Number of protein chains: 2
Amino acid sequence: MKSKVKQRLNVDQRKQAMLMAARELFLAKGYAATNLDEVVAKSGGSLTTLYQIFGNKEGLWRELVLTYGTRVTAPLEDEHLSDGPPRTVLRDFAERLLTLQLNPDVAGGIRIIMAEGKQFPDLSRTIYAAGPMRGRRIVAQYLAREVEHGTLDIPDPALAAEMFCQMVEGDVLLWLACGIGPSWTQADIKRRLDLAVEMFLNTYERKAAV
Amino acid sequence: MKSKVKQRLNVDQRKQAMLMAARELFLAKGYAATNLDEVVAKSGGSLTTLYQIFGNKEGLWRELVLTYGTRVTAPLEDEHLSDGPPRTVLRDFAERLLTLQLNPDVAGGIRIIMAEGKQFPDLSRTIYAAGPMRGRRIVAQYLAREVEHGTLDIPDPALAAEMFCQMVEGDVLLWLACGIGPSWTQADIKRRLDLAVEMFLNTYERKAAV
DNA sequence: AATTTAATGTAATTTAACTTACAAATTGAA
DNA sequence: TTCAATTTGTAAGTTAAATTACATTAAATT
């Protein structure tokens with residue numbers, strides 16, 4: 001039970017509260033099935049204020065998607081790449097990538113954005129570029145650098161990066177999207193990540209001459 | 001321009017026509033945005049007949065999903081696996097799998113089913129099992145057989161199968177789901193498939209002793 | 001303290017689509 | 001040819017949710 005001390009908030013605070021409430025509801029029920037009365041009931045404030053801030057339902061949706069959707073991939077960014085040999089770097093990255101995917105909010109978000117893609121195609125493109133594509137590109141750039149340094153031997157770093165990420169992510173997205181939570185133990189995850197790195201390096205690590 | 005010779009069809013014929021029309025509309029606009037008047041306008045017949053046959057909108061949706069969704073994976077089935085060494089078999093399978101994914105109707109279908117998963121969770125599970133999961137399982141079983149024959153050396157065939165399928169499919173599903181058609185040439189496809197098989201066998205093919 | 005400004009609560013309006021009702025038209029059988 | 005059954009066309013009923021209107025109340029300013 002929440003204590004219901006009524007507060008009058010200013011626009012900015014109320015806006016944040018509404019975004020938060022909308023996020024939960026959209027994640028739980030999807031775009032069409034969420035109605036604005038519920039949002040207001042959850043966030044506090046009033047329908048009037050909601051319409052003042054966001055214009056309409058679509059406005060609320062767009063603001064929400066762009067706000068949250070572009071923050072998510074922060075842990076994948078370049079500056080978090082560890083130093084060390086490719087095996088270490090890739091293993092670290094893989095762990096961060098899978099952790100991200102396993103977050104139900106992330107997968108749920110991608111799901112809904114995909115779902116509403118027909119209605120808001122520009123949003124799904126933006127999110128795809130900021131999200132899944134971002135990870136691929138970071139890996140590809142890293143691989144390209146390693147190729148220059150002579151550590152790895154990769155004809156097509158972009159393709160290799162995609163393969164690597166796919167192996168790491170597995171069916172997680174599809175699972176969560178279908179409402180099937182993956183029931184993996186830590187050991188399962190470790191095995192998957194190790195295998196992905198292993199398969200990758202088996203092909204691309206520079207071997208001593210045969 | 002269609003010639004509009006009005007035809008009175010019996011229930012079965014009309015049902016097929018309605019399923020066909022609904023399929024197109026649902027694929028194009030999603031579940032919520034498709035209205036039944038449009039379906040009838042496209043299929044011919046009448047709303048009355050539609051309700052007699054399917055009960056309501058949900059009934060139409062369920063029938064459609066189950067009818068088409070479970071037919072799709074036919075080309076992946078076991079009996080189409082070629083004979084020959086693993087390299088050949090896997091390459092063939094990979095080609096069929098990717099071809100399937102590249103079919104816009106298939107990807108579009110998965111997209112919508114995912115989209116409506118919150119409303120009809122049983123459907124998305126059924127389709128996941130009949131679709132994506134099916135392919136994984138067929139590969140896993142094949143791999144297990146090869147392990148028994150001593151051709152390959154794979155500790156965890158299920159995991160290996162998933163990795164393989166993921167490499168083959170790549171981001172295609174996500175792309176199409178986000179409305180980004182992949183613009184691959186035949187050469188791109190060939191490169192991807194070859195690489196997937198190569199990476200897989202680099203790890204699992206039984207090597208002559210070092 | 002009075003006044004202005006901004007946020008709130010509620011209810012009316014509008015819209016859109018699902019669903020149902022019913023009369024007209026067509027087919028098939030007696 | 002006539003009659004029964006089935007399909008069709010149209011429109012009315014129902015519901016649900018987005019949007020708007022307006023009076024009320026709390027906060028901020030003078």
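Values in this document were obtained by computation on a predicted structure and should not be read as measured data. Sequence lines set the chain letters: A, B, ... in the order given, protein chains first and strands last, and positions in each chain run from 1.
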How many whole angstroms separate atom CD of A/Gln119 from atom P of C/dA16?
14 Å
Please confirm whether A/Arg125 makes a cation-pi placement over A/Tyr128, using NZ or CZ under 6.0 Å from the six-membered ring centre and within 45° of the ring normal.
no
In Watson-Crick or G-U wobble terms, with both distances under 3.5 Å, the base opposite D/dT30 is C/dA1
Checking D/dT20, D/dT7, C/dT8 against the side chain of B/Gln52 (C-beta onward), the nearest is D/dT7
Would you indicate whether the side-chain heavy atoms of B/Leu195 and A/Asp156 approach each other to under 4.5 Å?
no
Is A/Arg191 salt-bridged to B/Glu162, going by a charged N under 4.0 Å from an acidic O?
no
Which is true for B/Leu47 with a 4.0 Å heavy-atom rule: it touches a base, it touches only sugar-phosphate, or it touches nothing?
base
Between the side-chain atoms of A/Arg8 and the base atoms of C/dA7, is any donor-acceptor pair under 3.5 Å?
yes
More 5' along DNA chain D: B/Thr48 or A/Tyr31, using each one's nearest nucleotide?
B/Thr48
Separation of D/dT8 atom C1' from B/Ile53 atom CD1, nearest Å, is 12 Å
B/Val11, nearest nucleotide to its side chain (from D/dT7, D/dA18, C/dT19)
D/dT7
Under 4.0 Å, counting only non-hydrogen atoms across every strand here, what does B/Gly45 touch: a base, just sugar-phosphate, or nothing?
sugar-phosphate
A/Tyr142 ring centre to A/Arg145 NZ or CZ under 6.0 Å, with the angle to the axis within 45°?
no
Tell me the interatomic distance from B/Lys15, atom NZ, to D/dT8, atom P, rounded to whole angstroms.
15 Å
Starting at atom CD of B/Glu58, determine the distance to atom C1' of C/dC18, rounded to an integer number of angstrom.
13 Å
Nearest-angstrom distance from the residue atom CZ of A/Arg14 to P of C/dT5
22 Å
Whole-Å gap separating P (C/dA16) and CG (B/Asn35):
11 Å
Between C/dG28 (C1') and B/Leu9 (CG): distance, integer Å
16 Å
Rounding to an integer number of Å, can you tell me how far B/Leu50 CG sits from D/dG9 P?
13 Å
Counting side-chain heavy atoms from C-beta on, which of C/dT19, C/dT8, D/dT19 comes nearest to A/Tyr51?
D/dT19
Measure up the B/Tyr31 and B/Phe26 rings against each other and bin them: parallel (under 30°), tilted (30 to 60°), perpendicular (over 60°).
parallel
